[in-house]
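A quick write-up on the structure given underneath.
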Amino acid sequence: MNISVEPVTAPRVATTESIRLGLVEKLAYAVGKDPEHATLQDWSVALGLLVRDHVVDHWFAATRAGYSKHGKRVYYLSMEFLIGRLLNDAIANLQIEAPIIEALGELGLELKDLLGQESDAALGNGGLGRLAACFLDSMSRLAIPAYGYGIRYEHGLFRQRFHDGWQIEEAEDWLVSGHVWEFERPEVKYTIKFGGHISFDGQGQTHWHAEQTVLAVAYDTPITGWKGAHVNTLRLWSSKPTEILDLRRFNSGDYLNAAEKLIRAETISRVLYPDDTTAEGKELRLKQEFFFTSASLQDLLRRFLTEFSDLKLLPDHVSIQMNDTHPAIAVAELMRLLADEHRLPFIEAFEITRKCLSYTNHTLLPEALERWHVGLFRKVLPRHMQIIEWIDYHHLAEVQGKGLPVSLDAIRIIDHGAEIRMGNLAFIGSKRVNGVSALHTELMKQTVFSEFHKIYPDRIVNQTNGITPRRWLYECNPPLRNLLIEAIGTEWIGNLEKIDAATAFATDASFKEKFAAAKRQNKLRLAAEIKARLGITVDPSALFDVQIKRIHEYKRQLMNILETIALYHAIRRTPGAEWTPRVKIFGGKAAPGYHIAKRIIKLANDVAKVINNDPIVGDRLKVAFLPNYNVSLAEIIIPAADLSEQISTAGMEASGTGNMKLALNGALTIGTLDGANVEIGERVGPDNIYIFGLTAADVADIRIHGYDPRPTIEGDPVLAEVMRSLVSGEFSSDDNGRYHGISDVLYSGDYFLVTADFQAYFQRQRDADRDFRDSSRWTERAILNTTKVGWFSSDRTIRGYAKDVWNVPVA
Ligand SMILES: *Cc1c(COP(=O)(O)O)cnc(C)c1O
């Protein structure tokens with residue numbers, strides 16, 4: 001259509017007056033409520049809709065500019081986007097907070113009450129999904145024309161509740177009270193096929209006769225960049241049936257079966273699998289991966305073909321990033337679309353594919369590298385099975401032709417005819433493959449992809465993860481944000497490396513005092529939250545020791561709990577000694593099928609109950625496990641932290657991003673030389689971080705030579721006493737045997753080397769106790785953590801991808 005309506009040119013301006021009038025109007029005509037009867041939720045929706053109008057003005061401008069430049073677009077494919085709430089994020093990025101607060105005041109409302117009404121979009125499990133969300137923010141900040149592509153799960157990550165200390169999972173329903181940020185696009189839909197068989201006609205054409213077809217329907221959410229300079233789109237796919245209802249069956253009275261197809265189709269985007277390490281509900285999971293990947297590739301090809309006609313130009317205009325192997329089927333699907341649908345020769349399709357795609361690896365844990373049984377794969381994706389066989393054969397021949405001394409077994413996609421290795425498929429189909437911290441990338445070259453690295457020495461690059469400073473400082477920590485603005489201005493918000501300018505104030509008495517006051521304000525806010533949610537009273541002047549992340553054995557929450565028990569024993573022995581009061585704060589969900597992780601949660605809660613109720617201990621030690629860790633809770637906990645627990649078994653945490661958020665907000669890290677901790681340590685300096693324990697090289701050595709925990713436990717009276725308390729039922733008087741299993745795991749092998757690192761960890765904790773008592777010096781070191789980690793901005797990470805991987809210009 002050629003419509004000659006002038007587009008909105010200048011984004012609207014927010015004044016107190018325009019906001020007040022706009023709010024009342026939205027409340028009436030969009031929410032359908034009279035101010036007299038409106039609830040906080042109604043006002044929150046009205047405000048969301050109003051702010052959205054401001055976003056949309058910028059959004060249109062950005063989209064039009066994207067089309068007029070005929071440049072390159074970046075497509076970020078991710079199974080997860082852990083975006084959290086969007087209202088405050090949009091207000092902050094558009095810099096319209098002041099008139100909103102004022103207008104709300106005139107209406108007798110408070111912004112923070114309305115912000116609390118929004119549901120937290122939990123379309124992810126943890127770090128991988130949150131990274132995708134930070135990247136969207138930074139791509140908008142840097143005005144890179146980009147789309148995020150994922151799944152619009154009807155139920156995001158489960159809600160966690162504790163019953164008698166055990167984790168209970170409840171269905172999450174973020175869409176129930178309406179989600180104002182998305183625009184449904186019923187006209188943007190693609191057919192997605194599953195199963196069936198393949199036939200070849202005489203004209204060299206391949207036909208896929210599918211057993212099931214569903215529609216992928218687009219829902220768009222605008223992602224506002226800093227100061228609204230650019231707005232990108234997060235396009236999430238929802239699965240819908242191709243036919244609404246089987247009317248023949250319905251008319252014959254068979255209502256349930258008539259609705260069957262509908263249910264089967266909608267199942268695909270129903271739930272986020274609550275596990276980012278193992279593939280559960282295997283067939284459905286595979287269908288989800290193909291569903292969003294296929295829809296996204298069809299969509300980007302359609303967009304490309306509205307501007308160009310020669311598909312050979314695709315790599316000049318399209319860069320597709322695969323966030324982990326979940327979208328790795330893109331390698332075969334892009335080839336299928338190019339060869340089967342657009343009639344390109346296979347070899348040409350393969351060359352184009354390898355120039356468009358890149359792959360980010362997120363883990364070296366063998367059990368977490370996706371593999372699919374050939375039988376299942378062929379059943380769900382018969383044509384892709386053939387294409388993968390072609391790629392595997394073709395690639396092998398190519399490598400053999402080079403005569404390099406590599407193990408051909410290691411580079412096969414299909415492992416002994418039985419399993420498809422998605423990591424290998426992704427590697428072979430990619431232009432670049434990246435790790436997410438310097439250490440992880442190095443280990444990738446030495447382990448999982450060592451043979452590939454010999455063949456393609458330039459393909460593996462490092463892009464150390466980052467976090468967006470807008471959400472993770474500017475929005476979540478107003479006291480510190482205001483202090484920084486007062487001291488060094490606002491440039492750091494859009495360019496975090498400039499925060500180093502505040503280093504000069506680390507020894508300035510007045511700045512230090514204000515920094516400590518900001519921290520205290522945040523600790524009071526968290527203390528109130530702990531009181532409200534758990535009924536536990538904590539002393540805001542105590543050391544707030546924080547471990548928040550998914551519960552996993554490699555992250556070693558168990559080691560932290562054992563250290564808590566050891567400290568408890570020590571306090572009880574000599575309560576009159578000089579103790580540094582501590583509050584141990586935990587947050588995190590365990591995958592529902594991960595029994596040991598769930599028992600570790602129960603242990604933390606059991607230990608908390610005993611310690612918090614022991615009058616001998618009093619305020620010297622408290623333990624608080626906050627339920628339902630998510631982005632919004634992280635935004636409250638992180639600004640209040642003094643000590644950040646990053647204690648994974650060295651070599652197992654690819655990067656971590658929680659470590660960066662906490663350091664930026666002035667927490668000192670206690671951690672192993674793992675993931676990005678190494679790079680954080682390099683920047684804050686050894687005096688401002690507590691490093692301990694085995695290195696990745698030590699761990700690799702132990703993996704070869706074996707480890708016997710018994711002499712370590714028996715040689716350390718502190719640890720031995722802790723172990724006895726697990727077995728004696730000191731924390732489980734209602735069931736003495738509850739932690740025998742955990743004790744057994746630690747005695748018999750202790751794969752994650754908790755006992756091996758315990759003593760060094762305990763010692764570093766006592767160093768932290770001692771240092772915290774010198775509050776003036778501690779504040780200086782906290783300031784240096786904030787000012788020295790500007791490099792960990794996701795803006796820096798995205799600049800790296802733009803230059804080394806995507807080859808696109810940035811603002
Ligand atoms: C940052 C973040 C994570 C990742 O934390 P790690 O400590 O790096 O594992 C997980 N969940 C949420 C909600 C986050 O904000």
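One-based numbering, in listed order, for ligands and for the atoms of each.
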Item to check | Residues forming a side chain to side chain contact (heavy atoms under 4.5 Å, CB included) with Leu694, sequence neighbours excluded | outcome: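 Checked Leu694 against side chain to side chain contact (heavy atoms under 4.5 Å, CB included); matches are Asp698, Val699, Ile702, Leu753, Ala756, Asp757.
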
Checklist entry - Arg599: what forms a side chain to side chain contact (heavy atoms under 4.5 Å, CB included) with it, not counting sequence neighbours? => result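 So Arg599 forms a side chain to side chain contact (heavy atoms under 4.5 Å, CB included) with Trp166, Arg738, Tyr739, Ile742.
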
Checklist entry - Residues two or more places apart in sequence or in another chain: which of them pass ring pair (Phe, Tyr, Trp, His ring centres under 6.0 Å) with Phe772? => result Trp778

Item to check | Pair Tyr219 + His179: ring centers closer than 6.0 Å | outcome: no

Next on the checklist: Aromatic contact between His552 and Tyr554, with the criterion being ring centroids under 6.0 Å apart: yes or no?
Outcome noted: yes

Next on the checklist: For the NZ atom on Lys598, are there more than 12 heavy atoms of other groups (residues, nucleotides or ligands in this structure) within a distance under 6.0 Å?
Outcome noted: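 Result for NZ/Lys598: enclosed.
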
Quick one: ligand 1 N/O to protein N/O pairs below 3.5 Å?
unit_1, atom_1, unit_2, atom_2, d
ligand 1, 7 (O), Lys549, NZ, 2.7
ligand 1, 8 (O), Thr657, N, 2.8
ligand 1, 8 (O), Gly658, N, 3.0
ligand 1, 9 (O), Lys555, NZ, 2.8
ligand 1, 15 (O), Lys661, NZ, 2.6

